[in-house]
Amino acid sequence: MMSAFFVVLFAFLAGVEGILDEFQFHQPIVAASLIGLANGHLMEGVVLGGTLQLIALGWFNVGAAVAPDAALASVVSAYLVTGPAQVDVHTGIAVAIPLAVAGQVLTIFVRTLTVALAHTADRYAEKGSLRGVEFVHVAALIIQGLRIAIPTMIVMAVGAGPVRDALGAIPKVITGGLGVAGGFIVVVGYGMVISMMATPQLWPFFFLGFALSAVTQLNLIAMGIIGVVIALLYLQLSPEFNGRGGGSSNGGSSNGGDPIDDILNNY
């Protein structure tokens, strides 16, 4: 009973964060891990969430275009993998893609409804009612949360047996094709991450990580600690970040340096 409560709670928070974007509960790595934790299968949730996070790196809203919904895909697929249905991670990834498209449709529908709420907020603002404006904002966030929570509750109410049978009825050619497509999108997302760190200063650390993983028996936790230590040392020793890039080190303005660094150096 408690696990079901937390699943619905995390689903609601993921829906809210899809718009609020404050605590990142809608990110796949966070949402799937929390659902896995609630169901007692944290490892499966982390593996699923990490894979979906790479896929979602290529999903973002551009102007009025609405991207596929990572929140619904993450929450429902994580429940299918870590909940009573106990489907494998590969199937969860394949199911997440059409779920994201369905969530995209729900997002457009909910955002259409909130147009009326925006006009309601305008009327409260004309009356000078701050409490009314706050109420409308909270109501809009609740609707966004229910956008994810209600489909999750429907999947939970249907039960593991029908869900497993429905997934088993999907032809292998469809699930296999979706899995391959998801793998391609993962490659694109990972390429985006590499492109962001494609600088002469960061390439050595990129290759150092591969070398350490090949010649040592370090696990991911140890590799992460080493990475954090190297990053801190780099920030301390690199003139680009410690105010020694050609300017004054006593709080004066640097020549051609970053203005934000100059402000921080004054402290």
Side-chain angles (χ1 to χ4, degrees), residues 2-18 21-59 68-100 103 148-149 151-152 155-156 160 163-164 167 175 178-194 196-197 206 209-210 212-213 216-229 231:
M2 288 298 297
S3 63
F5 169 77
F6 281 111
V7 167
V8 175
L9 175 63
F10 293 147
F12 180 83
L13 293 176
V16 170
E17 281 298 300
D21 203 17
E22 180 72 19
F23 303 102
Q24 304 302 312
F25 286 116
H26 64 296
Q27 296 293 344
I29 185 63
V30 179
S33 299
L34 290 175
I35 298 298
L37 180 63
N39 287 320
H41 296 278
L42 178 60
M43 183 61 66
E44 291 84 351
V46 171
V47 172
L48 176 66
T51 305
L52 294 180
Q53 187 69 57
L54 289 175
I55 296 176
L57 286 175
W59 294 349
D69 185 37
L72 182 64
S74 303
V75 170
V76 176
S77 61
Y79 179 76
L80 294 177
V81 171
T82 64
Q86 289 291 295
V87 303
D88 59 273
V89 174
H90 179 78
T91 303
I93 296 171
V95 171
I97 297 175
L99 284 173
I148 306 298
T152 303
V155 173
M156 296 170 64
V163 171
R164 191 182 300 110
L167 293 176
T175 57
L178 291 173
V180 172
F184 278 121
I185 301 176
V186 169
V187 173
V188 174
Y190 195 66
M192 293 174 61
V193 175
I194 295 177
M196 289 187 291
M197 60 179 294
F206 179 75
F210 282 101
L212 288 176
S213 63
T216 67
Q217 298 297 321
L218 299 175
N219 57 24
L220 291 178
I221 296 177
M223 293 288 287
I225 294 174
I226 292 174
V228 172
V229 172

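Fair warning: this is a prediction, and the values are worked out from it, not measured in the lab. The figures here come from the full heavy-atom set of this structure, side chains too, leaving out hydrogens, waters and symmetry mates.
- Summarising the geometry of Ala31 relative to Val75, their closest heavy-atom pair is CB-CG2, 4.2 Å, with the distance given to 0.1 Å.
- Atoms CD1 and CD1, on Ile226 and Ile221 in that order, are 12.5 Å from each other to the nearest 0.5 Å.
- The minimum heavy-atom distance between Tyr79 and Ile35, with the atom names listed, is N-CG2, 3.7 Å.
- Looking at every heavy atom in both residues, Val81 comes nearest to Glu44 through CG1-CB, 4.0 Å.
- Between the Glu17 side chain and the Phe23 main chain, a donor and an acceptor come within less than 3.5 Å of each other.
- Listed here is the closest heavy atom pair of His26 and Ala14: CB-O, 3.3 Å.
- Put simply, CZ on Phe10 and CZ on Phe5 are 9.0 Å apart, with the number rounded to the nearest 0.5 Å.
- In this structure, Ser3 OG and Met156 CE are separated by 7.0 Å, a value rounded to the nearest 0.5 Å.
- In this structure, CZ in Phe25 is found 14.0 Å from OG in Ser74, a value given to the nearest 0.5 Å.
- Closest approach of Leu52 and Ser77 over heavy atoms only: CD1-OG, 3.6 Å.
- For Met43, the CE atom counts as loosely surrounded, since its 6.0 Å shell holds 12 or fewer non-hydrogen atoms of other residues, nucleotides or ligands.
- In terms of heavy atoms, Ala11 sits closest to Thr152 at CB-OG1, 3.7 Å.
- Looking at Ile148 and Asp69, their side chains come closer than 4.5 Å, going by heavy atoms from C-beta outward.
- Remark: side-chain polar atoms of Asn39 are not paired, donor with acceptor, to backbone N or O of His41 under 3.5 angstrom.
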